[in-house]
Amino acid sequence: MSRLSKKSPSLCTDLPLDNADICKKLDLLRQLLRSCFGPTGRLKQVHNNIGGHVVTTSTSSVLLPAISSSQPFINLIKTSILNHVSRFSDCGLFAAILCLSLIEQAKQSGLRGNVAIRVNKHLLGLCTSYLQGEDCGCKVKLDFCSSQSLITLARSVISSKPTCVLTEPETLHISRLAVQAFLLTVPCSSPGIVSLGKIVTVSVEGHGVLNSTVFPGVLLDMPDVFTIDKVENLPSDALRMVLFSASLAGDLSELGDGIIELHPGVDTDSQILDQLLELGKQVVKDEVKLFVCQKVIHPVMQQYLRGHGIIVIERLGITLMEPLTQLTGAQPVATLHTTIPAKAYGRVRDLSIRTFGSKTMLHLHPPGECAICTMILCHRNETMLSELKVVCQKTEHVLRLTLREPSALLGGGCTETHLAAYIRHKSMNEIPETVSALGCSQTECLLGVEGFCRSLEAVAAALEHDGGSSLMDLTHAHHWSHPADVLTEHMGDNLGSCGCGLVESSPNQKWTYLNSNYPQFSPAPLSEDASVQPHVLDSFTAKLNALQVAVETANLALDVRYLIQDVN
């Protein structure tokens with residue numbers, strides 16, 4: 001069939017960062033993400049103009065996919081940030097704001113793109129070496145002998161998501177539950193290679209957050225309330241169970257692919273039902289007490305099993321299959337046309353009933369040590385509950401990253417300001433060597449360093465949303481917030497502690513406003529006082545990768561010469 005219209009030529013944009021429309025969209029994206037950053041960040045409601053669900057969030061993993069753009073340059077940055085978030089779960093807004101600030105600073109400085117790229121890459125190497133070194137002044141070791149540092153890390157992740165709408169006691173409660181659930185997934189005495197367990201999350205809408213709790217084992221929805229008496233009367237020893245991944249609904253479509261030959265007069269429904277009942281007889285003979293199916297079970301088979309005192313759970317779903325196999329040791333049976341082998345059966349130590357609001361759930365207790373637990377999350381409405389569930393999953397991932405690298409970075413903007421001061425001082429002391437290695441002039445190098453440090457400071461300044469000012473002390477280079485209603489002459493008496501909580505203000509202390517000129521200095525190390533602990537921590541692994549992703553993505557954007565779009 002011939003085309004109704006001629007094919008349009010591709011649209012080519014030369015030097016996209018010189019394009020006013022693209023720069024305007026980049027600045028809008030930077031302001032949008034900046035306004036979401038931190039515990040006091042502003043929420044965003046995203047709605048597709050052709051209908052659909054309204055998304056209310058300030059979380060990068062939810063917000064960025066909800067924002068659609070026809071501009072490839074914007075989508076390049078979005079894809080890079082979302083790839084980081086999918087791997088590390090945290091610091092997505094940090095990476096995005098830093099990336100966009102680096103692009104903006106390079107453009108404003110007038111630096112040639114290739115020079116800005118080389119300087120950014122060099123400074124990223126300095127940051128990485130410093131953060132990974134033993135003398136890093138913004139890194140703290142996590143002590144696994146005490147859960148306090150883990151709770152602080154979890155609380156920092158949870159409190160940075162204001163869509164959850166949590167009070168201070170609720171934030172602390174959820175933080176403790178997140179750490180408790182994480183520790184339950186770490187096996188204590190498993191020989192050989194250690195395999196982490198799973199956290200099963202169950203959402204309960206309409207109840208207070210403080211009703212949230214964690215149970216070892218798995219909780220399954222139990223719509224059949226008539227089995228409660230059977231559960232309560234079961235002996236509390238190891239109970240045999242069986243798990244089916246195949247549908248037991250009795251449909252021909254479940255028999256697999258291929259050609260089915262039917263003889264005239266054969267009743268296929270009754271033959272399949274007979275096969276199901278034969279399976280039921282074997283289960284009864286083998287003294288199974290719990291029968292679970294991922295899909296649907298035929299009503300007649302359900303009645304037969306329940307008539308023999310067996311508890312039946314259907315429509316389990318794919319997400320619970322792996323936790324249940326780990327908990328019980330059962331091997332999922334994928335067909336109804338063979339005898340169930342003895343090794344396919346699993347065991348649970350005990351069964352009990354748990355009630356949460358309108359939900360009645362069957363609690364499966366593990367037969368021995370098992371790294372599977374269930375977190376019951378409660379909240380007052382659907383939007384808050386949905387965000388809380390996402391945040392708790394991210395918190396679990398962040399806590400798991402600490403097993404690989406038992407360290408954290410100071411939060412509250414202190415790592416960003418500390419790094420900026422360190423890079424300025426380090427670069428000024430090594431300017432001749434740097435200029436020679438990068439093949440640029442001293443002026444260009446200094447412009448690149450200034451743009452990089454101002455970008456780091458811009459991330460710290462993004463934590464302020466209430467009209468206040470962001471400052472840095474000229475001793476330790478930590479971040480401070482100056483409220484809008486506090487007079488400047490009384491600043492030293494009213495600043496309290498820095499963003500991470502490690503440094504207290506004093507009248508003799510000197511500060512400078514962020515993104516202002518100040519004499520370069522080497523940040524002084526903090527006193528090693530074990531009684532003073534940071535109040536805000538960031539994931540070391542996630543933030544280090546976010547820093548690398550931000551710089552590399554900014555360099556990639558600065559290196560783009562043409563945008564070619566097929567508009568057909």
Side-chain angles (χ1 to χ4, degrees), residues 89 144 147 150 154 174-204 212-222 231 234 236-245 288-294 311-333 343-356 359-378 388-404:
S89 293
F144 283 96
S147 61
L150 294 178
I174 293 296
S175 303
R176 287 170 173 167
L177 287 185
V179 172
Q180 180 187 352
F182 160 68
L183 294 175
L184 285 172
T185 64
V186 181
C188 296
S189 57
S190 298
I193 299 175
V194 174
S195 178
L196 295 178
K198 297 281 184 182
I199 298 176
V200 178
T201 305
V202 177
S203 304
V204 180
S212 302
T213 186
V214 170
F215 294 101
V218 172
L219 274 73
L220 307 178
D221 277 320
M222 194 177 65
V231 172
L234 282 174
S236 58
D237 55 1
L239 306 172
R240 179 172 286 191
M241 63 88 65
V242 68
L243 176 62
F244 274 84
S245 58
V288 169
K289 296 300 180 185
L290 179 62
F291 192 103
V292 184
C293 183
Q294 178 188 335
I311 298 168
V312 179
I313 302 289
E314 64 171 346
R315 304 176 193 271
L316 180 72
I318 187 67
T319 55
L320 286 174
M321 290 294 287
E322 184 180 355
L324 201 55
T325 56
Q326 291 185 30
L327 177 83
T328 64
Q331 296 180 10
V333 181
K343 64 181 181 180
Y345 290 120
R347 291 190 176 276
V348 293
R349 187 188 81 240
D350 194 11
L351 300 174
S352 58
I353 301 295
R354 304 280 183 185
T355 303
F356 303 94
K359 286 192 175 185
T360 301
M361 309 197 75
L362 183 65
H363 185 185
L364 278 62
H365 301 264
E369 182 193 348
C370 182
I372 304 293
C373 67
T374 301
M375 177 182 281
I376 306 294
L377 281 182
C378 305
L388 183 60
K389 184 175 180 180
V390 171
V391 170
C392 285
Q393 289 169 347
K394 292 183 175 300
T395 304
E396 178 202 354
H397 192 182
V398 167
L399 291 171
R400 287 190 172 208
L401 292 175
T402 62
L403 296 175
R404 183 191 308 172

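Computed over heavy atoms, backbone and side chain alike; hydrogens, waters and symmetry mates excluded. It should be emphasised that the depicted structure is a prediction, and the values quoted were computed from it without experimental measurement.
Within the 4.5 Å cutoff, the side chain of I174 has heavy atoms near those of the C392 side chain. Looking at M321 and L316, their side chains come closer than 4.5 Å, going by heavy atoms from C-beta outward. Using a 4.5 Å heavy-atom cutoff, the side chains of V204 and I376 are in contact. Using a 4.5 Å heavy-atom cutoff, the side chains of V218 and V348 are not in contact. Using a 4.5 Å heavy-atom threshold, the side chains of L351 and H365 count as separate.
When all heavy atoms of R349 and P367 are compared, the closest pair comes out as CB-CA, 3.7 Å. Considering all non-hydrogen atoms of both residues, T374 and L219 come closest at OG1-N, 3.3 Å. Residues T328 and L324 share a closest heavy-atom pair of OG1-O, 2.8 Å. Contact detail for P332 and A330: the closest heavy-atom pair is CD-O, 3.8 Å. The heavy-atom pair separating G217 from L327 by the smallest distance is CA-CD1, 3.8 Å. For P216 against H363, the heavy-atom pair with the smallest separation is O-NE2, 2.7 Å.
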Just list the side-chain donor-acceptor pairs under 3.5 Å for residues 176-186, sequence neighbours left out, or say none.
from: T185; atom 1: OG1; to: F182; atom 2: O; distance (Å): 2.5

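Remark: L320 CG to D221 CG distance equals 8.5 Å, nearest 0.5 Å. Separating the CE atom in M375 from the CD atom in Q393 is a distance of 10.0 Å, to the nearest 0.5 Å. Taking CG from L388 and OG from S203, the interatomic distance works out to 8.0 Å, rounded to the nearest 0.5 Å. With values rounded to the nearest 0.5 angstrom, K359 atom NZ is found 9.5 Å from C378 atom SG. Atom CG of L196 is separated from atom CZ of R400 by 4.5 Å, given to the nearest 0.5 angstrom. The NZ atom of K289 lies 9.0 Å from the CD1 atom of I311; values are rounded to the nearest 0.5 Å.
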**Q.** side chain to side chain contact (heavy atoms under 4.5 Å, CB included) between Q331 and T325, worked out
**A.** CA-CA 6 Å; Q331 296 180 10; T325 56; over 6 Å; no
**Q.** Evaluation steps, side chain to side chain contact (heavy atoms under 4.5 Å, CB included), between V333 and L243
**A.** CA-CA 6 Å; V333 181; L243 176 62; over 6 Å; no
Q | Worked verdict on L377 versus V202 for side chain to side chain contact (heavy atoms under 4.5 Å, CB included) | A | CA-CA 6 Å; L377 281 182; V202 177; over 6 Å; no
Q: Could you go through the side chain to side chain contact (heavy atoms under 4.5 Å, CB included) check for F215 and R354 one step at a time?
A: CA-CA 10 Å; F215 294 101; R354 304 280 183 185; 3.6 Å; yes
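Of the options D350, L239, I313, L220, a side chain to side chain contact (heavy atoms under 4.5 Å, CB included) to L364 is made by L220 and by none of the others.
Every pair passing salt bridge (charged side-chain N to carboxylate O under 4.0 Å, His left out) that includes a residue from residues 313-323 is listed here, sequence neighbours excluded: K198-E322.
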